[in-house]
Amino acid sequence: MALQVLLSATLRRCVPDYDPTEGIRLEVEPGTTVREVIRRLNLPEKEIKLIMVNGLASPPDTALQGDERVAFFPPVGGG
Amino acid sequence: MDQLSSLAHAEQIGDTTIRVVEDTALLSWAESRGLAPWDAQLRALEEGILPARYSKNVWALGLEEQLRLARATAFVCGCGGLGGTILQLLARAGVGHLRFCDSDTFAFSNLNRQWFSCTDTLGRPKAAVAAAVCRRINPFVRVTALQVTLDESTLHELAAGAHVLIDAVDNLPARFLMDRARRDYGIPFIHGAVAGWLGQLTTFLPESPLGLEHIYGERRERHASEQALGVLGPTAAVIGSLQALEAIRVLAGRPPAHAGRLLYFDGESGMMHVVPLDSQASAG
């Protein structure tokens with residue numbers, strides 16, 4: 001049982017050899033929050049605008065079971 | 001001299017019959033009266049006569065709403081990826097006055113996504129090319145095109161008096177200036193931005209306590225790594241189209257669809273997410 005963590009756009013530069021199809025498999029204890037996942041992966045929390053847990057927008061203090069799909073998105077600024 | 005109503009003919013559109021007038025008849029009527037085409041269009045709509053070019057708008061927009069569009073001024077900041085899509089759609093929809101600016105000229109790297117860029121417009125000013133195309137698309141639209149950058153010195157001339165402000169820029173300082181104009185002048189602001197496969201959109205109403213800082217936090221410059229994502233043509237067209245739809249809602253007098261919520265488009269997975277902006281403030 002593991003999380004599938006998906007990173008979008010610029011967040012991918014934070015994880016060397018990131019695989020955009022598979023994402024990152026991450027084993028966590030039940031009750032681990034999304035914020036703890038962000039810290040474990042050394043992601044810049046301030047650059048994350050949208051967090052999706054199993055397809056639902058969720059705040060960083062959401063507690064996880066450990067088998068969810070968690071996706072992180074930054075804001076973009078081009079035109 | 002012909003009366004306007006004598007130039008119109010009844011046309012069955014769906015289950016309603018509407019009096020319509022063709023472009024050429026309305027244009028020559030305007031010329032014979034010494035009227036600008038956009039003024040002639042207003043006269044027609046005020047008499048309940050629809051320019052035939054809008055006949056496919058009819059089910060979606062009532063005649064009264066089409067008249068509101070014809071009376072409206074939209075300010076679109078930028079004539080690039082987002083702006084090219086937005087301006088062409090608003091010109092076709094019949095927004096009466098399009099005011100826009102861009103200080104740039106077309107380059108090769110624009111060709112993948114910017115609708116006004118073509119091999120024969122490379123090197124030419126974006127604002128002037130956009131003006132010429134908009135006039136070709138719809139001569140009943142008044143076009144005010146300025147080859148300037150939005151900054152403190154041009155903000156008033158560009159934004160004041162518009163009924164909607166539409167973000168089509170590629171940098172954060174200009175966006176934050178537009179957001180300030182939204183509050184100062186009391187004009188709804190439709191924000192859109194793109195990078196790579198991703199796009200985002202929201203509407204800030206004049207009185208809303210929400211602002212761009214709830215999206216970008218304290219950041220006022222784009223990261224170099226984000227600029228390196230580029231922009232795919234369809235991503236810009238999707239967000240630009242959603243901005244144009246929102247502008248049509250707002251200008252027609254309908255409630256906005258995107259106020260208080262951020263729509264996030266992920267073209268890589270094909271998903272669209274909508275998140276309330278205030279509850280996300282802590283993440284930003």
Side-chain angles (χ1 to χ4, degrees), chain A residues 3-26 28 32-64 68-79, chain B residues 77-84 102 113-114 167-172 174-175 192-200 212 214-231 235-236 239-240 261-262 264-266 268-269 271 273-277 279-284:
Chain A
L3 296 176
Q4 183 189 20
V5 181
L6 298 163
L7 304 179
S8 197
T10 47
L11 297 173
R12 290 178 184 174
R13 78 183 189 281
C14 305
V15 178
D17 304 322
Y18 176 80
D19 177 345
T21 315
E22 296 300 317
I24 304 158
R25 276 179 57 85
L26 192 69
V28 297
T32 302
T33 66
V34 171
R35 182 173 282 116
E36 285 164 338
V37 171
I38 292 170
R39 288 179 185 161
R40 253 180 77 176
L41 292 173
N42 277 323
L43 301 175
E45 187 174 342
K46 281 190 169 176
E47 286 179 35
I48 297 171
K49 187 66 235 161
L50 173 62
I51 300 163
M52 305 294 295
V53 178
N54 286 343
L56 280 177
S58 307
D61 54 7
T62 304
L64 301 164
E68 291 93 337
R69 201 166 65 102
V70 183
F72 296 116
F73 299 88
V76 291
Chain B
C77 192
C79 304
L82 294 171
D102 204 308
R113 70 194 185 284
Q114 301 194 9
D167 176 356
V169 296
D170 61 358
N171 67 88
L172 300 194
R175 289 203 161 96
V194 285
W197 295 90
L198 302 172
Q200 66 192 34
L212 279 180
H214 291 93
I215 295 176
Y216 294 109
E218 289 165 12
R219 192 148 63 84
R220 294 295 179 272
E221 296 292 337
R222 295 179 68 198
H223 291 302
S225 57
E226 191 228 322
Q227 297 196 37
L229 297 173
V231 181
T235 311
I239 297 299
R261 298 183 298 178
L262 183 73
Y264 202 94
F265 172 66
D266 173 8
E268 200 170 24
S269 69
M271 301 284 279
H273 311 290
V274 177
V275 284
L277 265 179
S279 73
Q280 285 289 303
S282 60

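Chain identifiers are assigned alphabetically (A, B, ...) following the order of the sequence lines, protein sequences preceding nucleic acid strands; residue numbering begins at 1 within each chain.
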*Counting N and O atoms only, with roles assigned by atom type, does the side chain of B/R222 sit under 3.5 Å from a partner on the main chain of B/D170, one being a donor and the other an acceptor?*
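Yes; judged by distance alone, with no hydrogens or angles, the pair exists.
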*N/O donor-acceptor pair under 3.5 Å between B/R175 side chain and B/V169 backbone*: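 Yes, B/R175 side chain to B/V169 backbone: donor-acceptor pair under 3.5 Å.
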Where on [X] is there a heavy atom nearer than 4.5 Å to chain A: the side chain, the backbone, both, or neither?
{"X": "B/L198", "answer": "both"}
{"X": "B/E268", "answer": "side chain"}
{"X": "B/L262", "answer": "side chain"}
{"X": "B/D167", "answer": "neither"}

_For the aromatic rings, using the six-membered ring if either is Trp, is the centroid distance between B/H273 and B/F265 under 6.0 Å?_
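For B/H273 and B/F265, the ring centres are not under 6.0 Å apart.
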*Quick one: do A/R13 and A/E47 make a salt bridge, cutoff under 4.0 Å?*
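Between A/E47 and A/R13 there is a salt bridge, with a charged N closer than 4.0 Å to a carboxylate O.
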